[in-house]
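Working notes for the structure below.
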Amino acid sequence: ADALLTSLLDTGWDAVILVGAGAVELEALRGDGRFSEVPVIVYAPAATADKVAAIFAAGADDVVVTTDAVPLLASRVVAQLREGTGAARACERALLEIARIWAADDDVVDALREVLSELTEVLGVERSSIILATDQPEQAYVACATDDPAIYKFPIDLDRYPELRAVMGGDGVLAIDDVAVYPPLAAQADFLAAKGVRAAVLFPIEWNERVCGVVFCRSPRAGTGSLGPRQLALGRIVAGMIGGRLRGGQVLDSLREQTR
């Protein structure tokens with residue numbers, strides 16, 4: 001694994017093809033932050049179904065198992081590069097649109113809702129909301145949501161949302177592939193699925209060196225918590241921009257007043 005990293009670092013790359021590599025080598029590669037956005041295709045013609053699953057779990061973008069590999073490998077590499085370029089362009093367009101929204105809309109709630117709509121589309125989730133903290137550690141409130149313009153009037157009991165409590169407590173970005181296998185929510189999995197929630201990703205909103213809220217994105221499909229590095233970076237940037245927009249105490253106080 002060390003020799004593999006050394007060899008790759010001596011050259012430039014747009015994508016990496018690993019021949020005969022397994023999960024150990026792939027985990028070492030993905031463990032280096034310089035390779036977090038590089039498409040990795042593994043050629044493993046003798047791999048069993050279990051080994052292929054382990055390779056994907058270790059961070060592969062694609063696995064080729066056929067022995068007639070050259071044409072297929074070429075097409076898979078092109079597809080991965082095209083997908084990465086498309087994701088980058090989508091994130092760039094979203095940031096430009098968000099900057100336009102901030103400059104054009106004086107209504108805080110309307111601007112936040114438009115920003116959420118942009119983020120929701122790029123992340124490929126079903127709905128998003130901004131949850132802000134209150135003076136009470138067990139309570140929060142919805143500042144705005146993409147699926148219901150009036151839902152900002154609803155308070156939230158954080159005891160019912162352990163994922164929100166974790167992020168507000170300083171745990172950082174939280175991506176949940178499937179609520180059924182996320183321990184704090186496993187007991188509620190059937191109830192959440194009936195409500196259209198199978199996956200989620202949460203980004204902390206920081207202001208004055210503390211977490212004052214969360215961008216809460218949810219999807220009815222399992223697996224959407226596994227976002228690419230560009231989408232996760234976009235979510236962090238947007239959450240930071242929201243924190244900057246709300247950094248004035250008067251803005252936060254105004255939003256709190258609308259929930260009373």
Side-chain angles (χ1 to χ4, degrees), residues 1-88 90 123-126 163 172-190 192-193 196-202 217-233 235:
D2 291 340
L4 171 65
L5 285 174
T6 300
S7 174
L8 287 170
L9 289 172
D10 288 339
T11 61
W13 59 84
D14 293 309
V16 175
I17 300 174
L18 299 181
V19 179
V24 173
E25 293 84 359
L26 193 53
E27 286 174 352
L29 183 67
R30 287 306 196 196
D32 188 305
R34 290 164 290 188
F35 295 92
S36 62
E37 297 188 25
V38 180
V40 178
I41 300 106
V42 177
Y43 175 49
T48 64
D50 287 343
K51 184 175 181 180
V52 170
I55 292 171
F56 271 118
D61 295 286
D62 204 348
V63 181
V64 176
V65 296
T66 181
T67 54
D68 186 16
V70 175
L72 185 57
L73 274 173
S75 62
R76 296 285 181 85
V77 170
V78 170
Q80 288 295 331
L81 292 175
R82 185 185 301 122
E83 180 179 347
T85 302
L123 297 188
V125 295
E126 186 76 12
E163 69 275 37
V173 176
L174 174 61
I176 303 172
D177 272 344
D178 190 338
V179 296
V181 295
Y182 176 62
L185 293 176
Q188 306 175 45
D190 291 341
L192 291 172
V197 179
R198 284 292 305 277
V201 59
L202 299 86
C217 307
R218 291 176 286 180
S219 172
R221 299 174 301 278
T224 49
S226 293
L227 299 170
R230 290 181 178 86
Q231 288 92 340
L232 289 173

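The first residue in the sequence is number 1, and the count goes up from there.
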Minimal heavy-atom distance between Ala199 and Asp177, with the atoms involved, is CB-O, 3.3 Å
What one should report as the nearest heavy-atom pair of Ala180 and Ala186 is O-CB, 3.6 Å
Between Val181 and Pro183 the two heavy atoms that sit nearest each other are O-CD, 3.3 Å
Smallest heavy-atom separation, Arg218 atom then Ala200 atom, equals CG-CB, 4.0 Å
Correct closest heavy-atom pair for Gly124 and Arg221 would be O-NH2, 3.1 Å
Counting only N and O atoms by type, is there a donor-acceptor contact under 3.5 Å from the side chain of Asp61 to the main-chain atoms of Val40? yes
Residue set satisfying side chain to side chain contact (heavy atoms under 4.5 Å, CB included) with Glu163, at least two apart, ordered chain then number -> Tyr161, Leu174, Ile176, Tyr182, Leu185, Leu202, Phe216
Between the CD1 atom in Ile41 and the CD1 atom in Ile55, the distance rounded to the nearest 0.5 Å is 13.0 Å
Side chains of Leu192 and Arg198: closer than 4.5 Å at any heavy-atom pair?
no
